[in-house]
There are 2 protein chains.
Amino acid sequence: MANGYTSDLSGDDIRSNSDVPEVVVQRLPLYVRVLSQFESAGAEMVSSEHLGTQLQMTPAQIRKDLSYFGRFGKQGRGYNVKRLALELRSILGLDRQWNAGLVGVGRLGRAIIAYPGFRPEGFRVVAAFDADPSVASSAIGDIDVRPIAEIKNTVADLGIRIGIVAVPAANAQSVFDALVEAGIKAILNYAPVAPQVPPNVKVRGIDPVLALQSMTYFLKPDRTDG
Amino acid sequence: MANGYTSDLSGDDIRSNSDVPEVVVQRLPLYVRVLSQFESAGAEMVSSEHLGTQLQMTPAQIRKDLSYFGRFGKQGRGYNVKRLALELRSILGLDRQWNAGLVGVGRLGRAIIAYPGFRPEGFRVVAAFDADPSVASSAIGDIDVRPIAEIKNTVADLGIRIGIVAVPAANAQSVFDALVEAGIKAILNYAPVAPQVPPNVKVRGIDPVLALQSMTYFLKPDRTDG
DNA sequence: GTTTGTGAAGGATTTCACAGCA
DNA sequence: TGCTGTGAAATCCTTCACAAAC
């Protein structure tokens, strides 16, 4: 995200900071992704050097990151691609399904429901919520849309662990509050706001505008291109 | 946002690292955003304390960040909301329009074109490109769709400074190459790949899956909720 | 009294560099 | 020989704490 603000840890039922830096956790999915690519390209072994080239990172950083979780490599040979991918997926909890609840079924919310990239990675949107009563109590595809007031019950009933917020900025904070109240500890936020949540709830923001705005800074010394 | 990997700087025509840390630049848009909110709420002045509460950051960090660019505050009073917003927008180059070219007009690409959040912030998608010849040379809304081979000319003709990549993973690298070849220095990447670009080209990734995958780590110690 | 701007301190992250193993 | 795993060094980033300004 661009740019995930991330409300931090040290809850009681969220994995505590223990001593793995947050940045390291954020890089793990990147490793999983390129390992998958190597895997389907048929590679058996891979070195930190090789991974580093793909990800434009130093080999040392990759080795250090992995060393927080175990000793997965073999000197002189590198890492077994399949094994390392499996280990990392297990560390991240990607070896199971995660149910998500989407709040806001406007244009963006519908695009999120239709997005085909979640399922193959084990994320399922199993319920949707909306403030508009004419939308709520209908259905989109095979997903029921319910009134916001039902978040808490539905979260419990369907085993929802992840919230996805796709409502207008003005309504976003009240949605965060409702999700937190429902016991949600991980939120993917598409709304252009800085969420106020307790420190034991993680929020990652998806915000293309913020991403663009931090790049224009570097474009400024603007040699008249066009 | 989620997690922007960011291929770094020190080009010749990209604002050099000088000595403002990259993290600081990435926070500036956040400040702009909450300042806008305060502005439309009618606030005249704001303190670093107050901003910090909104953004869940320490006041010291905000003051330090701002101090890289100038002395915008008044002791005892804080910052003038309108003035600070204006200064930051100017620093980030948000006081003008930026033209972007979108590559890939599938489901996601069309959603990006339809996204109403760019325009009000000064970002305009002025051209689209696609590999599929049956889509290229058509138009979507008021935007022409052209073959990928025309990127370079179109970038020059329309003054495009920003590339937006919304193609399938398999085609993404060749699109990055084409954009770089066309002289683009800032790319917003929606494709789930780690781009290989020269160090003077900035890339920010928008990737909800990566964002989710780094949150599940903290959910793992999984008290059977559902 | 309040709040900024900033050196200096403290903490976190990255990189170095090399012993140890295959 | 080739490459990992890792303490130690170096760098980067955040927070502290206070003089100066309003």
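The model shown is predicted, which means the values in this text are computed figures rather than measured ones. The sequence lines fix the lettering, A, B, ..., with proteins before strands; numbering per chain opens at 1.
- Side-chain contact of B/Tyr68 with B/Asp19: a donor-acceptor pair under 3.5 Å is absent, judged by distance alone.
- Residue order along DNA chain C, read from the 5' end via each residue's closest nucleotide, puts B/Gly73 first among B/Gly73 and A/Gln61.
- When rounded to the nearest whole Å, the span between OH of B/Tyr68 and P of C/dT6 equals 11 Å.
- Each of C/dC21, C/dT6, C/dT13 was ranked by its minimum atom distance to the side chain of A/Pro21; first place goes to C/dT13.
- Around CD of B/Glu44, the count of heavy atoms belonging to other residues, nucleotides or ligands within 6.0 Å does not exceed 12.
- One atom, OH of A/Tyr79, and another, P of C/dA22, lie 15 Å apart when rounded to the nearest Å.
- A distance of 8.5 Å separates CG of B/Leu219 from CD1 of A/Ile184, quoted to the nearest 0.5 Å.
- Distance, B/Met45 CE to C/dG1 C1': 16 Å, rounded to whole Å.
- Remark: B/Arg89 CZ to B/Glu121 CD distance equals 8.0 Å, nearest 0.5 Å.
- Across all strands shown, A/Arg77 has heavy atoms under 4.0 Å from sugar-phosphate atoms exclusively, and none from any base.
- Using a 4.0 Å heavy-atom criterion, one finds that A/Arg63 contacts the bases of the nucleic acid, with or without backbone contacts as well.
- Remark: side-chain polar atoms of B/Thr58 are paired, donor with acceptor, to backbone N or O of B/Gln61 under 3.5 angstrom.
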- Query: Are B/Phe118 and A/Leu212 close enough, and set up right, to give a side-chain contact (heavy atoms from CB on, under 4.5 Å), and what steps lead you there?
  - Reply: CA-CA 9 Å; B/Phe118 289 135; A/Leu212 289 172; 3.5 Å; yes

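- Here the CD atom belonging to B/Gln54 is positioned 10.5 Å from the CG atom belonging to B/Leu35, to the nearest 0.5 angstrom.
- Considering only the side chain of A/Val23, C/dT13 comes nearest among C/dT13, C/dA22, C/dT3.
- What separates CD of B/Glu22 from P of C/dT13 is a distance of 17 Å, to the nearest Å.
- Chain B approaches DNA chain D over the interval D/dC13 to D/dC22, counting the first and last nucleotide 5' to 3' with an atom under 4.0 Å from its heavy atoms.
- Summarising the geometry, the separation between CD1 on A/Ile62 and P on C/dT15 is reported as 10 Å, rounded to the nearest angstrom.
- One can place CG of B/Asp19 at 13 Å from P of C/dT6, the figure rounded to the nearest angstrom.
- Rounding to whole angstrom units, CG of residue B/Leu66 and C1' of C/dG5 are separated by 10 Å.
- Atom-to-atom, CZ of B/Arg71 to P of C/dT3 comes out at 19 Å; the value is rounded to the nearest Å.
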